[in-house]
Amino acid sequence: MVGPVRPQFVLFGSSIVQFSYANEGWGSILSDIYSRKADLFMRGYAGWNSRRALQVIDKIFPKEALVQPSLVIVYFGGNDSMISHPSGNGPHVPLQEYVSNMRKMINYLTSLSDKTRLIFLSSPPVNETRIREFTGNQFDDLGRTNENCRIYAEALIKLCHDMNIKAINLWTALQKRDDCLNACFTDGIHLSYEGSKIVVEEVLTILKEAEWEPSLHWKSLPTEFAEDSPYDLVGPDGNTINVSETNFHWENEWD
């Protein structure tokens, strides 16, 4: 791998993760914020549920890896919560099994390293009307409902609370915005830029407030190769200007 070795942040989940670099998504925002501070790795798999994730979690996060992630942000639940199909196929996972799967996921990820920190994201709400408009009703038998998303979100938040794991209830966080169902989604399911900004705000709040050593908040992490240099830009007074700590997009938006 290229060096120097920075802290590694891994985004692990289904399409909310896979598409997190599209539409100015939350993954791309975090990558920008953490430029020169941490390396973000996206491991997103559209359509996956918690069952399928558990089948390969040891391949995505091998315990024998020389460097383990400093932070893993995990999202599964929206597909698990979909209505079960009579055939038995499809992404639906019963609630109790979903909770059990997420517990196994937590146990595995916490075993990677005593410095690996976790943040779990719950199912967000969905715009059921927009989903039907977007899909043309072709997935009615595998439908998503706001109520099921709420139930699975609350179950995950309770599990994380019981296991002392940081978690964000996206079902409630996004709905703090009055026009959430129209503004926060592109197709009724996946996040728009406005929805992604809320996710980033929630993630950064946890990272700022968490009593983790070392801190993983972006303002606490060192900037790579930040020393002064005679090759820096030269200002009007003839002195060099070190711009390594400058983050033009975000320094005034999020602490």
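Side chains included, hydrogens not; waters and symmetry mates left out as well; all remaining heavy atoms used.
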Do any pairs count as a salt bridge (Lys or Arg N to Asp or Glu O under 4.0 Å) and have a residue in residues 152-164, sequence neighbours left out, and if so which ones?
Arg150-Glu154, Lys158-Asp162
Stepwise side chain to side chain contact (heavy atoms under 4.5 Å, CB included) check, Lys37 with Thr223
CA-CA 5 Å; Lys37 292 175 177 288; Thr223 298; 2.9 Å; yes
Show me the donor-acceptor pairs within less than 3.5 Å that the side chains of residues 101-112 make with the rest of the protein, sequence neighbours left out.
residue: Asn101; atom: ND2; partner: Ser50; partner atom: OG; Å: 3.0
residue: Asn101; atom: ND2; partner: Glu97; partner atom: O; Å: 3.4
residue: Asn107; atom: ND2; partner: Arg103; partner atom: O; Å: 3.4
residue: Tyr108; atom: OH; partner: Phe61; partner atom: O; Å: 2.7
residue: Thr110; atom: OG1; partner: Ile106; partner atom: O; Å: 2.8
residue: Thr110; atom: OG1; partner: Asn107; partner atom: O; Å: 3.1
residue: Ser111; atom: OG; partner: Lys63; partner atom: NZ; Å: 3.2
residue: Ser111; atom: OG; partner: Tyr108; partner atom: O; Å: 2.5

Would the Phe76 and Phe12 ring centres measure less than 6.0 Å apart?
yes
By side chain to side chain donor-acceptor pair (under 3.5 Å) - contacts of Asp187 (at least two apart):
His190
Work out which heavy atom in Ser14 is nearest to a heavy atom in Asn79; give both atom names and the distance.
CB-ND2, 3.6 Å
Name all residues meeting the ring pair (Phe, Tyr, Trp, His ring centres under 6.0 Å) criterion together with Tyr45; count only those two or more places apart in sequence or in a different chain, and write none if there are none.
Trp48
Ignoring hydrogens and angles, write down the donor-acceptor pairs under 3.5 Å from the side chains of residues 114-121, residues two or more places apart or on other chains.
residue: Lys115; atom: NZ; partner: Glu213; partner atom: O; Å: 2.9
residue: Thr116; atom: OG1; partner: Pro69; partner atom: O; Å: 2.8
residue: Arg117; atom: NH2; partner: Glu213; partner atom: O; Å: 3.3

When rounded to the nearest 0.5 angstrom, what distance separates NZ in Lys197 from CG in Leu191?
13.0 Å
Is Ser20 reaching over with its side chain to a backbone N or O of Val17, donor-acceptor style, under 3.5 angstrom?
yes
If the condition is side-chain contact (heavy atoms from CB on, under 4.5 Å), which residues does Pro62 pass it with, not counting sequence neighbours?
Glu64, Ala65
Nearest 0.5 Å please: distance from the CE atom of Met42 over to the CD1 atom of Ile73.
13.0 Å
Exercise: identify the closest heavy-atom pair between Val126 and Cys149:
CG1-SG, 4.0 Å
Separation of Leu156 CG from Ser123 OG (nearest 0.5 Å):
7.5 Å
On a heavy-atom basis, which atom in Tyr152 and which in Pro94 lie closest, and how many Å separate them?
OH-C, 3.5 Å
Hey, quick one: are Leu216 and Ile29 part of the same hydrophobic cluster, counting side-chain heavy atoms closer than 4.5 Å, chains of contacts allowed?
yes
Measure the spacing between CZ of Arg130 and CD1 of Ile189 and express it to the nearest 0.5 Å.
10.5 Å
The side chain to side chain donor-acceptor pair (under 3.5 Å) partners of Glu224 (sequence neighbours excluded) come to Arg6
Compute whether any side-chain donor of one residue and acceptor of the other, for Asp80 and Asn49, lie under 3.5 angstrom apart.
no
Identify the two heavy atoms, one from Pro125 and one from Phe185, that lie closest to each other, and give their separation to 0.1 Å.
O-CZ, 3.1 Å
Calculate, to the nearest 0.5 Å, the distance between atoms OH and OG belonging to Tyr75 and Ser15 respectively.
6.5 Å
Can you get from Tyr21 to Val199 by hopping between Ile, Leu, Val, Met, Phe, Trp and Tyr side chains that sit under 4.5 Å apart?
yes
Calculate, to the nearest 0.5 Å, the distance between atoms CH2 and CG belonging to Trp26 and Leu30 respectively.
7.0 Å
Partners passing ring pair (Phe, Tyr, Trp, His ring centres under 6.0 Å) against Phe9 (at least two apart in sequence or in another chain):
Tyr34
Looking only at non-hydrogen atoms, find the nearest pair between Ser192 and Thr186 and report the distance.
CA-CG2, 3.8 Å
Linked, directly or transitively: Leu159 and Ile157 (ILVMFWY side chains, under 4.5 Å):
no
Looking at every heavy atom in both Leu40 and Gly27, which two are closest together, and how far apart are they?
CD2-O, 4.1 Å
Look at the side chain of Asn127 and the backbone N and O of Thr129, then say whether any donor-acceptor pair between them is shorter than 3.5 Å.
yes
So, do Trp218 and Leu207 sit near enough that their side-chain heavy atoms are less than 4.5 Å apart?
no
Exam field: side chain Glu24 to backbone Tyr193, donor-acceptor pair closer than 3.5 Å:
no
Which residues share a salt bridge (Lys or Arg N to Asp or Glu O under 4.0 Å) with Asp179, sequence neighbours left out
Arg177
Under the 3.5 angstrom rule, does the side chain of His92 hit a backbone N or O of Met82 as a donor-acceptor pair?
yes
Report all side-chain donor-acceptor pairs from residues 163-173 shorter than 3.5 Å, counting only partners two or more places apart or in another chain.
residue: Asn169; atom: OD1; partner: Ser122; partner atom: OG; Å: 3.3
residue: Asn169; atom: OD1; partner: Trp171; partner atom: N; Å: 3.0
residue: Asn169; atom: OD1; partner: Thr172; partner atom: N; Å: 3.3
residue: Trp171; atom: NE1; partner: Asn146; partner atom: O; Å: 3.2
residue: Trp171; atom: NE1; partner: Asn146; partner atom: OD1; Å: 3.3
residue: Thr172; atom: OG1; partner: Asn169; partner atom: O; Å: 3.0

Checking Thr205 side chain against Glu201 main chain: does a donor-acceptor pair fall under 3.5 Å?
yes
Hydrophobic cluster identity match, Phe19 and Ile131, side-chain contacts under 4.5 Å
no
My understanding is that only residues two or more places apart in sequence, or in another chain, count here; which of them pass salt bridge (Lys or Arg N to Asp or Glu O under 4.0 Å) with Glu128?
none
Tell me every residue that passes side-chain contact (heavy atoms from CB on, under 4.5 Å) with Phe225, counting only those two or more places apart in sequence or in another chain.
Pro4, Arg36, Glu227
